[in-house]
Amino acid sequence: MERTLQQRYFSTELLNWYRQHKRDLPWRRNRNPYYIWVSEIMLQQTRVDTVIPYFHRFIDKFPTIQALAEAPEEDVLKAWEGLGYYSRARNLQSAVREVHERYGGTVPDTKEEVSSLKGVGPYTTGAILSIAYDKPEPAVDGNVMRVLSRYFLIEDDIMKPKTRVRMEGLVRELIPEGQASDFNQALMELGALVCTPKSPHCLTCPVMAHCDGRAAGREETLPVKTKAKPPRPEARAALLLEGTGEHAGKLLIRQRPAEGLLARMWELPHTLMPDDGLPGPAGLAMAHERLAAHIAEDSIGIGGLTWMMQAEHTFSHIHWKMDVYTARPEELALSLFSGASAVLPSHYRWIGPQDMEGYAFPNVFIRILSAYFEQSSVPHPQS
DNA sequence: AAGACGGGGGG
DNA sequence: CCCCCAGTCTT
């Protein structure tokens, strides 16, 4: 297909700009396909500044395909702690194990093989093939769609899958011969540094002169995008169960199921509260009723509650508003009769502050646990 | 096509 | 405080 002047100008100027302005990022220091793969998975839904320290720690712990393939899954989850979308970590290790076994540890370089790896969709397939192997494949992420929708004044809704397909066709036309790696990275770099979601820096943009969106005064209103649904609110009560006797100074945590939200992460026991429940200390009676019943299913008894703090956490689709209570295990006369009911179910643990490094927690529980251990380790000021 | 799946930054 | 960011898998 014949390229227009506007298209040739775009590719040429964008590449020139990128070679002068590209950031020195850890995964850009060589062309190790494994590094590029790890970085692209981490960069899904996550900004560069957040990823950098995770990337360094991850590569330090799992320097090669083989090292990651042979690592315990819990170590991988712990290395991902706080980064979110934890299925990315599980899928990455699963796919790395497949590359280790089926391809002898070499990341494949065909579209069919790469796109069949777990956790690798259309964007990441193009990113790996182009950045690691310079194959002329499009890597269309949100940055790319924003840049192209503005430069070519494309008003398609970028939330629709069809739009991504159209953008991929456009990128194929734009990739200069033999320069897919730099060109795809240049597109994303422009979106990250210049053609930003709000207040784009058009005056320093290398392609402003032929930008149709800018010419039409549409640079602030493109891309067209349907709004996401707001997260549904959920009131929850969480429990800081304070150990006694041999568990003094420790708290009870548990591991989540293998599937679904925060799969296999560790957490404080917590349970759903009714929508019309009272927030804060006023909800104590209802919280005791619900938490006691909830945790009794695992044969754990609790005494009276004390309200400690509120904690909020927003996922894409749920907003947790949690009231956090402390309690002691129930003084149970029944425990004299049998050992069976006194055995803690296997997905529970008693942990002290030093034990937190051994378990992967979602951020909301790190905040609560840190607040608790900090407070309980500091002597109360004399009044 | 729509929902599930985390977490952070900026005005 | 409300706004934004948006890849892949599952249903």
Side-chain angles (χ1 to χ4, degrees), chain A residues 36-54 77-95 114-128 131 137-149 156-165 167-168 184 187-188 191-193 195-201 220-234 256-267 311-322 360-368:
Chain A
I36 289 162
W37 183 7
V38 170
S39 72
E40 289 301 338
I41 299 296
M42 286 186 171
L43 286 164
Q44 291 169 7
Q45 321 289 303
T46 312
R47 42 194 343 119
V48 165
D49 290 341
T50 303
V51 164
I52 287 173
Y54 280 91
L77 206 54
K78 183 65 184 175
W80 214 270
E81 178 185 75
L83 206 47
Y85 287 120
Y86 299 97
S87 66
R88 290 185 296 174
R90 288 196 300 160
N91 288 337
L92 173 62
Q93 189 183 29
S94 166
V114 171
S115 66
S116 76
L117 297 169
K118 261 191 198 143
V120 179
Y123 163 72
T124 309
T125 298
I128 291 173
I131 298 173
E137 291 291 330
V140 174
D141 70 348
N143 285 308
V144 173
M145 289 202 278
R146 186 172 59 254
V147 169
L148 295 181
S149 70
D156 301 11
D157 183 347
I158 64 167
M159 295 300 277
K160 298 193 184 303
K162 270 183 64 177
T163 305
R164 196 205 76 235
V165 173
M167 299 277 183
E168 285 171 348
N184 278 343
L187 265 176
M188 294 187 271
L193 299 180
C195 198
T196 46
K198 278 179 290 189
S199 314
H201 308 108
E220 299 265 10
T221 57
L222 288 170
V224 172
K225 190 181 173 200
T226 57
K227 275 195 194 173
K229 273 177 47 175
R232 67 171 186 273
E234 274 188 10
R256 295 179 62 87
E259 308 272 305
L261 183 68
L262 303 170
R264 289 183 217 180
M265 302 286 284
W266 291 79
E267 66 176 6
E312 302 208 16
H313 192 68
T314 307
F315 305 94
S316 315
H317 56 308
I318 311 172
H319 179 82
W320 279 354
K321 211 175 166 79
M322 279 196 299
F361 297 96
N363 274 357
V364 61
F365 295 110
I366 292 180
R367 289 198 299 272
I368 298 168

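Note that the structure is a prediction, hence the values are computed from the model and not measured. The chains referred to below are lettered A, B, ... by the order of the sequence lines, with proteins before strands, and numbering in each begins at 1.
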Chi angles and distances behind the side-chain contact (heavy atoms from CB on, under 4.5 Å) call for A:W266, A:E81: CA-CA 10 Å; A:W266 291 79; A:E81 178 185 75; over 6 Å; no
Nearest-Å distance for atom pair CH2/P, residues A:W320 and B:dG6: 9 Å
Separation of B:dA4 P from A:R90 CZ (nearest whole Å): 17 Å
A:D157 CG to B:dA2 P, straight-line distance once rounded to whole Å: 10 Å
Atom-pair distance (CE on A:M42; P on B:dG6), nearest Å: 16 Å
Nearest-Å distance for atom pair CD/C1', residues A:E81 and B:dG7: 13 Å
Same-atom distance (P) from C:dC5 to B:dC5, integer angstrom: 23 Å
For atom CD1 of A:I318 and atom P of B:dG6, their distance in whole Å: 9 Å
Aromatic contact, A:Y85 with A:W80 (centres under 6.0 Å): no
Donor-acceptor side-chain pairing of A:Q44 and A:Y123 below 3.5 angstrom: no
A:E137 backbone acceptor or donor facing A:N184 side chain under 3.5 Å: yes
Paired nucleotide for B:dG6 [Watson-Crick or G-U wobble; both distances under 3.5 Å]: none
Sugar-phosphate only, base, or nothing, as touched by A:L262 at under 4.0 Å among non-hydrogen atoms: sugar-phosphate
side-chain N/O A:H317 vs B:dC5 OP1/OP2, d < 4.0 Å: yes
Of A:L83 and A:R232, the one whose closest DNA chain B nucleotide lies more 5': A:R232
Heavy-atom protein contacts under 4.0 Å, nucleotides 2-11 of chain C, coded B base, S sugar-phosphate only, - none: ---SBBSS--
Interatomic distance at P, C:dC9 relative to B:dG8, whole Å: 23 Å
A:R367 (side chain) donor-acceptor with A:E312 (main chain) under 3.5 angstrom: yes
Nearest-Å distance once atom P is located in both B:dG6 and C:dT11: 15 Å
Whole angstrom value for the distance that separates C1' of B:dC5 from NE2 of A:H313: 11 Å
Aromatic ring pairing A:H313/A:W320, orientation class (parallel under 30°, perpendicular over 60°, tilted between): tilted
Residue closer to the 5' end of DNA chain B, A:K162 versus A:L261 (nearest nucleotide): A:K162
A:K78, NZ: over 12 other non-hydrogen atoms inside 6.0 angstrom: yes
Between B:dG7 (P) and A:R88 (CZ): distance, integer Å: 10 Å
